[in-house]
Structure formats: C-alpha cells, structure tokens
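Okay, so here's the structure we're looking at.
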Amino acid sequence: MIFVDGLPFSLNFSSSSSSSSKSQPSDLLAALMEHQVLVSATHSFKSIQERKVSASMDSKLITSSNSSRYVYLFQREYATVDPSLVHYVGTDEATTCVGVVIRNRKNGMTSVSHMDSPKIVDIGFSQMLALVVDHNLDADLDVHLVGAFEDVSPNHASGRSISQGKRDGYSIPLCRKIVETMQKRPEKFHVKTLCVLRHNTKYDSQGNALPIFNGLLVETSSGTLIPASFDKTSRCPDEIVRRLRVSSSYEDPSWQGKLLDTYDTKTDRFIIAPCSWTKRLVQIVLSLQSLSDSEILASCSTSPLAEGPEFVDNERRLWNYLIKNPDWRTTFPMRQPRVFERTGDGGWKRAGFSSQGQGTYSTPLKSLQVMQ
C-alpha cells in the first residue's frame, strides 16, 4: 500500500479526489502527481545539481574514501545491495523508462531497478522486495521514482489528463502500472520522490519534450537520492553483453515478465544470468546495419529526440558483437552465468574464465568520480 507523508494514500485525501471512496486505478497516478507533499519533494530533487559519475582519475572523488563501491544497472536490470558492502547504486539512460528505488528504513537494504515495460512490473516488484523486506511486511519502505518523461506531445494529448484514460505513449502506462502495483501489494511503500511525466519534462527551442533527468544515484547508508548520469567508464562490468540481454530477453521465454538477474547481494559479485538469442534477432541486426544514424534512432528508440549522444554508437557496438557471436552459447557456455568479482584495486575480474581477453575490467571503483 502507498503512504505519503506518513499517511495511507487514497483519493479521499487528495485534492483531486471525487466523493467516491473507490478509486479508479488511472486516477491514482494523477492524484499522486498532484499531491502537494510529492510536488514539493520533486521540486527539491530537481534543485539538486546532476552528478556526472566517472571512473576517471582526473576529477574530485565522490567521497573522501578510497574504497567506495558502487553497482551500475542497465535497462531491465535490478540489484538489491547491502549498505555494508556497497556505497552507491545507480542507473541512467532512462527516457520513457523508470528508475525505481526501494529502501528499507530499518536496515538500509536497497533495491534499484530500471523498469522499461508494464509487463515486468508485477514480478519485478517481487524480485526487488525478496531481500529488502525479508518476510517482514510491516517494514517501512522508502520509494523513489525517476524518469519517464512526458512522451505524448501536448497537442496530441489535447489537454486530456491522466485520469481521463490517456494511454498513448510509453511513459504513462508504465508509471500507472508501477503505482497500481504498489497500492495493491501488502507492503508499506512510503513514496518520497515522484519525478516522472510532467515533473521530469522540459522543452527545447523547437518545442520537443525532453527528460530533465534520465538517471539517479543512491547513497545506501543514508538513502540520499541524487540525479546522475554515468559515462562509459562507469557502466560496467560486461557492458555489451548486458545491453544485449535487453534485446534478446524479449524472445527468451525464461525471462518473460521478469527483471534481469545481474548482481548477487550476499557475495557482492555480478552474476549475469544467461540469456539466449535467436537467428531471427541476428538477421534483424544485419538488416539494420546499413541504416543512417537518424534511421537508427527512429527504428530503435521509443523516444528518438530524447536519446543521449551515445545511443547510436551503443547500438552499433551491440550489433557488431551479435554478428560476431551469433550463437548465444558462445557467450553463455552450458547456459552458465558470467561472474565478475571485485579486485583489490576496485576493478572487476571475470571469475573462473581466462581465455581470449576475458580478464580484468580495469575500472577502479576506488576512484569513482563525480564531476559537477
């Protein structure tokens, strides 16, 4: 169930509520978006300067510690982290996706996901909560939602509100499903940040809608939420394979309706669960190779005008890998996960595998940087 400002949330307590005690699911999202406590919290969040996270040695350390550890998540992934093992967890590259943070107030256990579809929300929440609540349904859980800009143009929407059933675009259905799922579950979800839709939308000089923020960073010890973006050096380990899993998981029945398993909480290791891809996907990629940059954006993105400058390059690198490795069993022999352990200098090392360049990932987490 959803709580706001310490109270159970229902439309009866919302300024936009009707006299009926029964709320329609579509009204729930609209009412939360208008709740003054959440509006104020969102304004406070937007006043924080976005942090640029890098593994470069050239900038100021994110903390004074030389042993800061973080976990980065790609689209459709999730991770639950123990604050005694991990200092920061984050994600970015979210346009119509939502970064979801759930943190247990009592023990600091924090789960973060990068949700990209209403179809993975129900099971996804169960995955995220498995280690956060630890069978304690009375646990108070702080929740933050960041992302999912308003991808339906005002002209197209014709002034219709969320509560009037406007279902065009990708962002609104996903946000609606997330809040509906929290409201119907037995756990106590204290919504602290709701920086989505119109609260996370700006416009360029041509009137195109763009996200204000597309990423976040959570300090696990305090629960502090920071707007963030990550560079290539900090999106690790195993970047290309993890990106590839997003595309291939749509055709892999073992991942239907689920977030992608990526990180092991107890051992502080990346255990990248296997995913298979089909010859059909390889053929699709071969057909896409000849497209121009603008055609790639139009064909491969839910929000072509809102993507970052690295989007096309990331797609091309992913396709090159897939063409060179058309058989998924080359990447996941015997359908075993790819395991990465932290090294003494804060890098990542492929565990139990040493052939053909699959060695240490030289990303020194002890030098994780934040550039203003």
Side-chain angles (χ1 to χ4, degrees), residues 1-4 8-11 14 16-17 22-35 38 42 73-78 80 91 93-102 111-130 132-133 141-152 157 160-201 209 211 213-214 216 246 249-250 255-260 301-303 306:
M1 185 175 183
I2 293 175
F3 288 71
V4 178
F9 182 82
S10 76
L11 295 187
S14 169
S16 63
S17 67
K22 295 183 178 179
S23 65
Q24 296 299 317
S26 58
D27 291 334
L28 179 63
L29 176 58
L32 284 167
M33 292 288 293
E34 296 170 7
H35 196 292
L38 293 178
T42 297
L73 299 169
F74 288 97
Q75 182 178 335
R76 194 167 278 216
E77 293 183 339
Y78 84 102
T80 301
T91 187
E93 300 185 315
T95 54
T96 57
C97 301
V98 178
V100 180
V101 179
I102 304 175
S111 191
V112 175
S113 70
H114 186 130
M115 292 195 173
D116 63 353
S117 167
K119 295 179 180 179
I120 51 90
V121 173
D122 284 329
I123 297 177
F125 262 82
S126 295
Q127 291 174 281
M128 293 179 71
L129 291 166
V132 172
V133 298
L141 308 174
D142 286 339
V143 176
H144 305 275
L145 306 179
V146 178
F149 81 111
E150 199 163 51
D151 60 333
V152 178
R160 296 175 67 185
S161 69
I162 296 170
S163 61
Q164 288 174 302
K166 186 62 185 174
R167 292 181 179 272
D168 291 341
Y170 296 90
S171 294
I172 289 176
L174 176 57
C175 292
R176 177 184 292 118
K177 179 63 176 178
I178 289 171
V179 298
E180 288 176 9
T181 299
M182 288 193 293
Q183 186 71 330
K184 73 183 182 182
R185 289 188 65 102
E187 295 88 359
K188 296 164 66 175
F189 298 104
H190 296 265
V191 179
K192 310 297 288 186
T193 307
L194 191 62
C195 190
V196 297
L197 303 176
R198 67 176 181 272
H199 296 320
N200 190 38
T201 303
F213 301 123
N214 64 14
L216 59 87
V246 179
S249 65
Y250 290 99
W255 290 111
Q256 185 173 1
K258 298 178 183 178
L259 292 168
L260 296 169
S301 172
T302 59
S303 50

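All values derive from a computational prediction rather than experimental measurement.
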Calculate, to the nearest 0.5 Å, the distance between atoms [atom1] and [atom2] belonging to [X] and [Y] respectively.
{"X": "I178", "Y": "L28", "atom1": "CD1", "atom2": "CG", "result": "12.0 Å"}
{"X": "H114", "Y": "L216", "atom1": "NE2", "atom2": "CG", "result": "9.5 Å"}
{"X": "L129", "Y": "F189", "atom1": "CG", "atom2": "CZ", "result": "4.5 Å"}
{"X": "R198", "Y": "I172", "atom1": "CZ", "atom2": "CD1", "result": "9.5 Å"}
{"X": "Q183", "Y": "S10", "atom1": "CD", "atom2": "OG", "result": "8.0 Å"}
{"X": "E187", "Y": "I102", "atom1": "CD", "atom2": "CD1", "result": "8.5 Å"}

Original post:
Under the side-chain hydrogen bond (donor to acceptor under 3.5 Å, both in side chains) test, which residues partner Q75, sequence neighbours left out?
Top reply: D116
Which heavy-atom pair separates [X] from [Y] by the least distance, and what is that distance?
{"X": "V98", "Y": "A148", "value": "CG2-CB, 3.5 Å"}
{"X": "T302", "Y": "T96", "value": "OG1-OG1, 2.8 Å"}
{"X": "S113", "Y": "L259", "value": "CB-CD1, 3.8 Å"}
{"X": "T95", "Y": "S171", "value": "O-OG, 4.4 Å"}
{"X": "S111", "Y": "T80", "value": "OG-OG1, 2.9 Å"}
{"X": "F3", "Y": "M1", "value": "CD1-O, 3.6 Å"}

Subject >> Contacts of type ring pair (Phe, Tyr, Trp, His ring centres under 6.0 Å), residue H144, not counting sequence neighbours >> reply: none
Original post:
So, do L197 and L29 sit near enough that their side-chain heavy atoms are less than 4.5 Å apart?
Top reply: yes
Original post:
Quick check: are there more than 12 heavy atoms from other residues, nucleotides or ligands sitting under 6.0 Å from NZ of K119?
Top reply: no
Among all residues two or more places apart in sequence or in another chain, which pass the side-chain contact (heavy atoms from CB on, under 4.5 Å) test with [X]?
{"X": "V4", "result": "I2, F9, L32, H35, V37, L38"}
{"X": "A209", "result": "F149, T201, Y203"}
{"X": "K258", "result": "I123, Q127, W255"}

With no hydrogens and no angle check, is any side-chain donor or acceptor of [X] less than 3.5 Å from a backbone partner on [Y]?
{"X": "H199", "Y": "M33", "result": "yes"}
{"X": "D151", "Y": "Y170", "result": "yes"}
{"X": "N200", "Y": "G147", "result": "yes"}

**OP:** Could you list the residues that satisfy salt bridge (Lys or Arg N to Asp or Glu O under 4.0 Å) with K184, not counting sequence neighbours?
**Re:** D122
Original post:
Can you name the one residue among M128, R76, E77 that meets side-chain contact (heavy atoms from CB on, under 4.5 Å) with M115?
Top reply: M128
